[in-house]
Amino acid sequence: MNQGQKIRLRLLSNVVILFLLIAFSWWTVLLFTTNRDAFYAKRDLMKIGMVAQGLIGKGNEAAFWEMPAYQKLYREYRRQEWMIVSEATFFVISLVIGVYLINRSYNREVDAAGQSRNFLLSITHELKSPIASIRLVLETFMKRQLSPEMVEKLGKNALKETERLNDLVNDLLLSAKLDTAYRPHLQEMDISEFIADLVVTMQAKYPKGDFSFTSTLEDPIVRADEMGLSSMILNLLENGVKYSAGPPKIGVKLTAENSNVIISIADQGIGIEDKEKKRIFKKFYRVGSEDTRRTKGTGLGLFIVSELIRAHEGRIEVVDNKPQGTIFRITLPTNQYHD
Ligand code: ADP
């Protein structure tokens, strides 16, 4: 469905809903007045009858209001009035709830369709471009006699591309596993040393970047899943690099709060708008559209991070960094990781 069709469908459904509400209000008012008119007619008839029978004097309104027959009629009239009001309220509430639920699932469908389109576009690109460049390198090797330096340079590029492919396949497999059967394999480790090593690796990979690590943990020995932990931290560090306009400046802090370990990863990159902060953890979700975005990716990274953290019974929050950028804050409960 294209954008124009979506807008037309939405407009049409809103018009139908508006028509239903107006029609219903009209019928409610009509029922109300008809009920009132019927009551007035019955009341007047009853009064004439009573005067004719000599039960009340002509013009003696007070005596008529006291009569049990009139009071019964009046109670019946009031009861019907209440019935009309409560049924109308019930109908309007059901209609509003129904419309809200339909709208919500419609929006979800549209989101899911957009995401799978985004995913298809990005995954196609992410799969095709490394394959194309590896192929080009191999073709060059076969066609031309190259200097050893050139062979080394092209070979390194091709290796990098195979790494990219490998990472992508690993991400896809891990996300499928996280959807179904993932259990963290806990083992004792020095979390301070472990994260410091990852930060050193990132600094070596991006020499122009500025990576720092501080830890105030008194007892850095915890039980955690090495693969899971390194996947969480590396994904967040790589994102910090990817979403920084210039050379990345990333600070990693390890602190303790009650019985939790807090890992915070702060970058000074492009930042994340408030309305996107919840969505970015969804599978295949990427901010913006695939046609206009310049960064590479699949929208799997933060999904993997949040699922891994969930499997560790921790949580992740995202807040703005000052003056710019983003801070991801992971809270991991340590009591269950200790022996
Ligand atoms: P990918 O990076 O492959 O797009 P992710 O799941 O890692 O997928 O991230 C989802 C989205 O969240 C990204 O498309 C990006 O817009 C946003 N994002 C993630 N990390 C950061 C960050 N550190 N700074 C700014 N935006 C970020």
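Both counts, for ligands and for their atoms, begin at 1 and track the order of listing. Residue indices begin at 1 and follow the sequence shown.
Near R286, meaning under 4.0 Å from one of its heavy atoms, ligand 1 places the atoms 1 (P), 3 (O), 4 (O), 14 (O). For ligand 1 and K242, the ligand atoms under 4.0 Å from any heavy atom of the residue are 1 (P), 2 (O), 3 (O). Applying the 4.0 Å criterion to heavy atoms of G301 picks out, from ligand 1, the atoms 5 (P), 6 (O), 7 (O). For ligand 1, the atoms closer than 4.0 angstrom to any heavy atom of T298 are 3 (O). Proximity to I272 (heavy-atom distance under 4.0 Å) selects the following atoms of ligand 1: 18 (N), 21 (C), 25 (C), 26 (N), 27 (C).
G271 counts as a contact of ligand 1, since one of its heavy atoms falls under 4.0 Å from the ligand. Put simply, no part of E276 is less than 4.0 Å from ligand 1, judged by heavy atoms.
Residues R79 and E76 are paired through a salt bridge, judged by an N-O separation under 4.0 Å between the basic side chain and the carboxylate. Using a 4.0 Å cut-off between a side-chain N of Lys or Arg and a carboxylate O of Asp or Glu, D320 and K277 qualify as a salt bridge. Using a 4.0 Å cut-off between a side-chain N of Lys or Arg and a carboxylate O of Asp or Glu, R329 and E317 qualify as a salt bridge. Salt-bridge formation is detected for the pair E139/R135: a Lys NZ or Arg NE/NH1/NH2 atom is positioned less than 4.0 Å from an Asp or Glu carboxylate oxygen. One finds no salt bridge joining D167 and R164 here, because no Lys/Arg side-chain nitrogen approaches an Asp/Glu carboxylate oxygen to under 4.0 Å.
Residue G299 places at least one N or O, backbone or side chain, under 3.5 Å from an N or O of ligand 1. Taking any N or O of Y285, backbone or side chain, none lies under 3.5 Å from an N or O belonging to ligand 1. At least one N/O-N/O distance between L302 and ligand 1 falls below 3.5 Å.
From L302, atom CG reaches atom CG of N239 across 5.0 Å, with rounding to the nearest 0.5 Å.
Y206 and E238 share a side-chain donor-acceptor pair at under 3.5 Å. Y182 and D225 share a side-chain donor-acceptor pair at under 3.5 Å.
By the criterion of a heavy-atom distance under 4.0 Å, neither the backbone nor the side chain of V305 is placed next to ligand 1. Residue T326 touches ligand 1 through its side chain alone, judged by heavy-atom distances below 4.0 Å. If you look at F281 next to ligand 1, there are no close heavy atoms at all, none under 4.0 Å.
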